[in-house]
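Notes to accompany the following structure.
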Amino acid sequence: MMRTQPLKVALLGCGVVGSEVARIMTTHATDLAARIGAPVELAGVAVRRAGRDRAGIDPALVTTDAEGLLKRGDIDVVVEVIGGIEPARAHILTAMEHGASVVSANKALLAEDGATLHAAAAKHGVDLYYEAAVAGAIPLLRPLRESLAGDKVNRVLGIVNGTTNFILDRMDSTGAGFAEALDEATQLGYAEADPTADIEGFDAAAKAAILAGLAFHTRVTAADVYREGITEVTAADVASAKSMDSVVKLLAICERSADGTSVSARVHPAMIPRSHPLASVREAYNAVFVESEAAGSLMFYGPGAGGAPTASAVLGDLVAVCRNKLSGTTGPGESAYANLDVRPVGQAVTRYHLNLDVADKPGVLAQVAAVFAKHDVSIDTVRQQGRDGDATLVIVTHSATDAALSATVDELRGLEIVRDIAGIMRVEGE
Ligand SMILES: NC(=O)c1ccc[n+]([C@@H]2O[C@H](COP(=O)([O-])OP(=O)(O)OC[C@H]3O[C@@H](n4cnc5c(N)ncnc54)[C@H](O)[C@@H]3O)[C@@H](O)[C@H]2O)c1
Ligand SMILES: N[C@@H](CCO)C(=O)O
Ligand code: NA
């Protein structure tokens, strides 16, 4: 039976995502009502600046007083698509205190202080859903939170930032340098005016924290995630990867340790073989592998950004929390019972690629190999390219800790025969 009394929705923020949420709520109102079991009504839209023409939105609903809207007392669900930490956090807490469930796309806030929001949701008996916060439209958090709740996830590995994937893809396909590829991403509207959060890896690190928390039932914040962006990736690095039939991708990697007692999360550029499924993720798409004990490897792929795709995830959450409201229940809350240690990256092991410019004379290879051996870094392959008396050694190691590799590089730099070390990059996916 369809309830005739509508569920009231307050929209906070009416930018790229918010305007698409409002549009779909209007154009798909009949279907949404049928799926929920009650109509949903846009009861208010909080914006930063009033007076703008917002297509399809009744100007009478628009307010700059978000707190006033939330304190009215008749709002059932709040959709937060402002972004950033404050005032988004304050608004979400006010909404929950007044009995509203919350749908948010705010990865920065969830990764910094998800615990406070989850605690408030539990205290006030409301929902907190945020599928749009990671990998946009791709259903990923619900599968982790619900579909895989009976399995044991060991690893989550993926491309979770569209802007940087677009830049690296262009560098690979055209040979462009980083700055040139960033310009193109900006012109095409992929990169924001201030692209720092994307290119320095903050956006991906926030997403990695959220993924690790859900995957391992452990609180992981953005500060726990090791982070390197792509600003140091050069055309030469990409060319070097190409010569090894590999591509450079910005990866988010969340792992359970072999003994199962700790987890780690890291975001950094890495070389992966061109044959790896993540290598074929082009332009601004996202893709995430989830490796779990019983299910094996699952791959999630699709648009990770953009107004309409992100709104799709928001609307899916909206339907879910409205259904819960109607049936007087809430969905799963925070699951952090495992409380595993979160390891620093220095202890995480990966393979490394590096280019050493060395003098081309007898004994050089042995001296270089001795330094690797001294720091317990085992060499997998060495390829030598000669150049007028000098040579470049392209070295790929077996798995080593970041700390061991750094110590190796430091000592190599001190050798008289080593002219330069470049292209230091992790190697994943083999
Ligand atoms: N755009 C995407 O592709 C995408 C994808 C996934 C998640 N997200 C997340 O969605 C959220 C919104 O992103 P967006 O791309 O729509 O950003 P946006 O900048 O286009 O929109 C945010 C809107 O909020 C408004 N705003 C700022 N402060 C406000 C306040 N105090 N009260 C009311 N409104 C206020 C701004 O004026 C702006 O219109 C962010 O958390 C973002 O990380 C975006
Ligand atoms: N800036 C983000 C938006 C989606 O979260 C990206 O490029 O992936
Ligand atoms: Na998603």
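In listed order, ligands and their atoms are each counted from 1.
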Test: Glu283 and Arg170 ion pair at under 4.0 Å: yes

Interatomic distance, Leu128 atom CG to Ile92 atom CD1 [nearest 0.5 angstrom]: 7.0 Å

Stepwise salt bridge (Lys or Arg N to Asp or Glu O under 4.0 Å) check, Asp172 with Arg274: CA-CA 11 Å; Asp172 178 63; Arg274 216 168 268 277; 2.9 Å; yes

Geometry at the Na ion (ligand 3) - Val134 O versus Glu131 O angle, rounded to 10 degrees: 80°

NZ/NE/NH1/NH2 to OD/OE distance under 4.0 Å, Arg219 and Glu334: yes

Ligand-residue contact atoms, ligand 1 with Ala46, heavy atoms, under 4.0 Å: 33 (C), 34 (N)

Flag, side chain of Ser101 to backbone of Val126, donor-acceptor distance under 3.5 Å: no

Nearest protein heavy atom with distance in Å, relative to atom 12 (C) of ligand 1: Val81 O, 3.3 Å

Asp341 (side chain) donor-acceptor with Val263 (main chain) under 3.5 angstrom: no

Expected output: side-chain Asn165 to main-chain Val281 donor-acceptor under 3.5 Å: yes

Protein contact to atom 27 (C) of ligand 1 [nearest heavy atom, distance to 0.1 Å]: Ile82 CG2, 3.6 Å

Subset of ligand 2 atoms that lie under 4.0 Å from at least one heavy atom of Thr163: 1 (N), 6 (C), 7 (O)

Within-cut-off N or O pair, Asn286 and ligand 2, under 3.5 Å: no

N, O or S atom of Gly304 closer to the Na ion (ligand 3) than 3.0 Å: no

Distance from atom 5 (C) of ligand 1 to nearest protein heavy atom, with residue and atom: Thr310 OG1, 3.1 Å

Ligand-side contact atoms (ligand 2) for residue partner Asp198, heavy atom cut-off under 4.0 Å: 1 (N), 2 (C), 6 (C), 7 (O)

Option of least heavy-atom distance to atom 18 (P) of ligand 1 (set: Val21, Leu11, Val16): Val16

Main-chain N/O of Gly307 paired with Thr310 side-chain donor or acceptor, under 3.5 Å: no

Subset of ligand 1 atoms that lie under 4.0 Å from at least one heavy atom of Ala132: 6 (C), 7 (C)

Metal proximity, Gly136 vs the Na ion (ligand 3), N/O/S cut-off 3.0 Å: yes

Atoms of ligand 1 close to Asn106 [distance to a heavy atom under 4.0 angstrom, numbered from 1]: 41 (O)

Identity and separation of the nearest protein heavy atom to atom 9 (C) of ligand 1: Ala105 O, 3.3 Å

Whether Asp127 side chain and Tyr129 backbone form a donor-acceptor pair below 3.5 Å: no

Winner among Glu131, Glu20, Arg48 once heavy atoms are compared against atom 37 (O) of ligand 1: Arg48

Element-labelled atoms of ligand 1 that are located less than 4.0 Å from some non-hydrogen atom of Ala305: 3 (O)

Atoms in ligand 2 flagged as close to Ala305, the criterion being non-hydrogen separation under 4.0 Å: 3 (C), 4 (C)

Side chain to side chain contact (heavy atoms under 4.5 Å, CB included), paired with Tyr352, selected from Asp402, Val377, Val396: Asp402

Nearest candidate to atom 44 (C) of ligand 1, where distance is taken over non-hydrogen atoms, out of Leu69, Thr163, Val17, Leu12: Val17

Winner among Ser104, Ala313, Gly162, Gly13 once heavy atoms are compared against atom 24 (O) of ligand 1: Gly13

Aromatic Phe289 / basic Arg155 pairing, under 6.0 angstrom, 45° off normal: no

For Gly83, atoms of ligand 1 separated by under 4.0 Å from a heavy atom: 40 (C), 41 (O)

Asp194-Thr196 side chain donor-acceptor pair, cut-off 3.5 Å: yes

Proximal ligand 2 atoms for Gly162, defined as those under 4.0 Å from one of its heavy atoms: 6 (C), 7 (O), 8 (O)

Ion pair check, Arg256 and Glu291, cut-off under 4.0 Å: no

Nearest protein heavy atom under 4.0 Å from atom 3 (O) of ligand 1, yes or no: yes

Cationic N near anionic O, under 4.0 Å, Asp76 to Lys8: no

Region of Arg49 engaging ligand 1 - heavy atom pairs below 4.0 Å: neither

Side-chain ion pair, Glu428 and Arg266, N-O less than 4.0 Å: yes

Test item: Glu131 side-chain N/O and Ala137 main-chain N/O as donor-acceptor pair under 3.5 Å: no

Atom 15 (O) of ligand 1 protein-contacted, heavy-atom criterion under 4.0 angstrom: yes

Backbone N/O of Phe216 and side chain of Thr218: donor-acceptor pair under 3.5 Å: yes

Ion pair check, Asp317 and Arg142, cut-off under 4.0 Å: yes

Among Glu86, His91, Lys107, closest by any non-hydrogen atom to atom 8 (N) of ligand 1: Lys107

Test of proximity, Lys107 against ligand 2: N or O pairs below 3.5 Å: yes

Ligand-side contact atoms (ligand 2) for residue partner Gly304, heavy atom cut-off under 4.0 Å: 4 (C)

Ligand-side contact atoms (ligand 1) for residue partner Pro87, heavy atom cut-off under 4.0 Å: 31 (N)

Proximal ligand 1 atoms for Gly306, defined as those under 4.0 Å from one of its heavy atoms: 2 (C), 3 (O)

Gly136 touching ligand 1 at heavy-atom level, < 4.0 angstrom: no

Heavy-atom proximity to atom 21 (O) of ligand 1, best of Gly15, Cys14, Ala284: Gly15

Option whose closest heavy atom lies nearest to atom 33 (C) of ligand 1, chosen from Val47, Val45, Asp65, Val134: Val47

Any N, O or S atom of Ala132 closer than 3.0 Å to the Na ion (ligand 3): no

His276 side chain to Ile272 backbone, donor-acceptor under 3.5 Å: no

